[in-house]
Amino acid sequence: MPVLEAVGVVKDYVDRGQVTTHALRGVDLAVEKGEFMAIAGPSGSGKSTLLNLLGALDLPTAGTIRVDGRDLASLGAPALADLRRDRIGFVFQAYNLIPVLSAMENAEYVLELRGVPAMERRRRVDELFARMGLAQLRDKRPPKMSGGQQQRVAVARAIACEPAVVLADEPTANLDQATGRSLVDLMHELNRERGVTFVFSTHDPMVLERAERVVRLVDGKVASDERRGAAAAQSA
Amino acid sequence: MRTLLRIAWRDLWRNRRRSLVNICAVGVGLFVVVFYGGLVHGIMSDAKNQLDNLGMGHVEVTAPGWRLRRNVSQSLENPAKLLASLRLPAGTQAGWRVATRALAASAHGSHGVVVHGVDPAVEPSLSAYAGDVRKGSRLATGDDRGVLLGDRFAETLHLDVGNKLRLMVQRADGEVGADLFRVRGVFHALSPTVGRGQVLITAAAAQRLAGLGDAGHQVVIQLDDAASASAVADSVRAQLGARPEVVTWADLMPALAAMEKMMGKLMTVVSLFVFLLVSLGIMNTMLMSVLERTREFGVMRAIGSRPRRVVALVLGEAFWIATLGVAAGLAAGLALTWLGSERPLMDFGKSMKSEAFEYAGSVMRTAFLTRFSPADGLRSAALVYVVTLLTALYPAWRVSRIAPAEALRAA
């Protein structure tokens, strides 16, 4: 069973009740466990919209989104929040850490939402920070960190609770080349070592060349779905 | 919960100036309500406590109809016995009097007065002025030839201690009664009316002068707390049966009772107005604050916070604003109210050229004392908490309703 599944997904935005923008025009997509996948396409092609829908942040105008086989249309706001908390990790283009919390507290946040006891939270995040080279940042708050540091903490927050999938919306867009490469290396390692499923939207060639599967969107439709390396072999 | 309160606390200080304005609004609002409440209650308590400066009781027992016509023959039979039979709350002061109008004459002229025939040992506990003798001495028990005068009356008739005063009254049998008394002392009365027109003699002398036998006119009961007057009056009525008339200070001074009600309503209106202003201010700034952070709340929602957690977070900020505002406002309000209860903060004595003035039949000091009541302050503080949290509900609800994707798109 796919971790994420989109079937005939259409998303329209109505601007001030008049102009309708067709962001997605019937997208079919299945994401399997352990994939390291990129959604590529030019600006306005619907990458972020698709990620939002796959991440249960928004609901489609038509079609079905399933997470672990559950149809999102059947869930209310609290149940969707629980689903995001338990099954999905997010990394945003603008990092979006909670500015009043330290790096440690940010990473612990979702674990706390899940009701993990404080000692256990601390132990897991300490371990993760050590693995990701973030130990020296643990007590720093986001405004005191560089963009690259914030994004690494954001990745730590996303994977701390071991979600079924991490959705990253243009994670390297605000980073310089070296920092972006280091971040993608980190995500790739986590994918290989821990089996964390990553789906990221990007138009960064450096990121695209590292992806094992690239789905290209053009004008709200899947234009191509290319698997590489191990993913291609597995698929074949 | 601890994390929420921690985030709320840190969020509070992200815009220090705005938060301080909110906290000050709550604090100043509460301070105004606490101090104003203390002042109003202080003035009203003072007015009620000044009943003894008018010779009135919190509860009085009289013959039916006496209160309206003050006819000397409308008397209570043996009021001393009646009083002895009453069961009254502990701490109550009670006594009886003869009260009649008289013409008082000295070598310098004559003047209409009210004669109170009293028990000299008890009267100072019923009438403040009976104990406030500024010249000469108090009336002694058994001194049936002595008289105490109000200071203004003494001035009017040029009387001094040792002078003679003739009192002429209508007796109970309709004849005219007259007797000669010697001035033993001059008392100071806060009420100009009492100071100008009242004299005190012993009850026995008054009974003899008015031909009353062992009868009297008033049983006067002074209570520790004027608020219990109605309950005590009911109890006295039940003990005495239907015949004597039992009245409370509110019956004797309906204008004072009406003023107390009016002050209560005014207090409510002022409190509501202040809290309304405070809540509008808080709503405005909190709305601005949460809408500025829409994206942040969107992130919280995106990573798994339920809408109610977002509501709780905004309410957490309101909780801190209320807590800090209440702490400051309550401390300042209670401190000033306590200070004002110890010594007057507002004294109009100089401008009014008097230590007291008469209003609505009562006498009030021109130096206003507040009433220090931590319980009243805590009630207002609780109201501030409720108002602040209710005010924050709207911004909290509004930001919790924004879809996560939409919130994340916010600038």
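Worth saying up front: this structure is predicted, and the values here are computed from it rather than measured. Residue numbers start from 1 in every chain, and the chains themselves are labelled A, B, ... in the order their sequence lines are given, proteins ahead of strands. All values below were derived from every heavy atom in this structure, side-chain atoms included, with hydrogens, water molecules and symmetry-related copies excluded.
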Presence of salt bridge, A/Arg124 and A/Glu127, under 4.0 angstrom: no
Options A/Asn96, A/Leu59, A/Asp58, ranked by heavy-atom pairs under 4.5 Å with chain B, top entry: A/Asn96
With a 4.5 angstrom heavy-atom cut-off, which part of A/Glu105 approaches chain B: side chain, backbone, both or neither? side chain
Using non-hydrogen atoms and a 4.5 Å limit, figure out which bit of A/Tyr13 sits close to chain B: side chain, backbone, both or neither. side chain
Answer yes when B/Arg371 and B/Asp376 have at least one side-chain N-carboxylate O distance shorter than 4.0 Å, and no when they do not. yes
Per-residue contact mode, A/Leu101 against chain B (heavy atom under 4.5 angstrom): both
Please flag which part of A/Arg87 lies under 4.5 Å from any non-hydrogen atom of chain B: side chain, backbone, both or neither. neither
Using heavy-atom distances under 4.5 Å, tell me whether A/Asn52 contacts chain B through its side chain, its backbone, both, or neither. side chain
Quick check for you: among A/Val110, A/Ile98, A/Asp82, which has the greatest number of heavy-atom pairs under 4.5 Å with chain B? A/Asp82
Exercise: do A/Ser201 and A/Asp169 side chains pair donor with acceptor under 3.5 Å: yes
Mark yes or no for whether B/Arg295, through its side chain, and B/Leu408, through its backbone, hold a donor-acceptor pair below 3.5 Å. yes
Quick one: pull up CZ in B/Phe372 and CD in B/Glu342 and give me the separation to the nearest 0.5 Å. 9.0 Å
Atom pair CG (A/Asp71) and CD (A/Glu5), whose distance is rounded to the nearest 0.5 Å: 10.0 Å
Atom group of B/Arg301 that falls short of 4.5 Å from chain A, counting heavy atoms: both
To the nearest 0.5 Å, what is the distance between CG on B/Leu315 and CH2 on B/Trp397? 14.0 Å
Under the criterion side chain to side chain donor-acceptor pair (under 3.5 Å), I'd like the reasoning laid out for B/Tyr36 against B/Ser271: C-alpha separation, chi angles, the key distance, then a yes or no. CA-CA 9 Å; B/Tyr36 181 67; B/Ser271 301; over 6 Å; no
So for B/Arg309, is it side chain, backbone, both, or neither that comes closer than 4.5 Å to the heavy atoms of chain A? side chain
So what's closer than 4.5 Å to chain A heavy atoms on B/Arg308: side chain, backbone, both or neither? neither
Atom group of A/Arg114 that falls short of 4.5 Å from chain B, counting heavy atoms: neither
Only pairs of heavy atoms separated by less than 4.5 Å count here; which of B/Glu406, B/Met300, B/Arg293 has the most with chain A? B/Met300
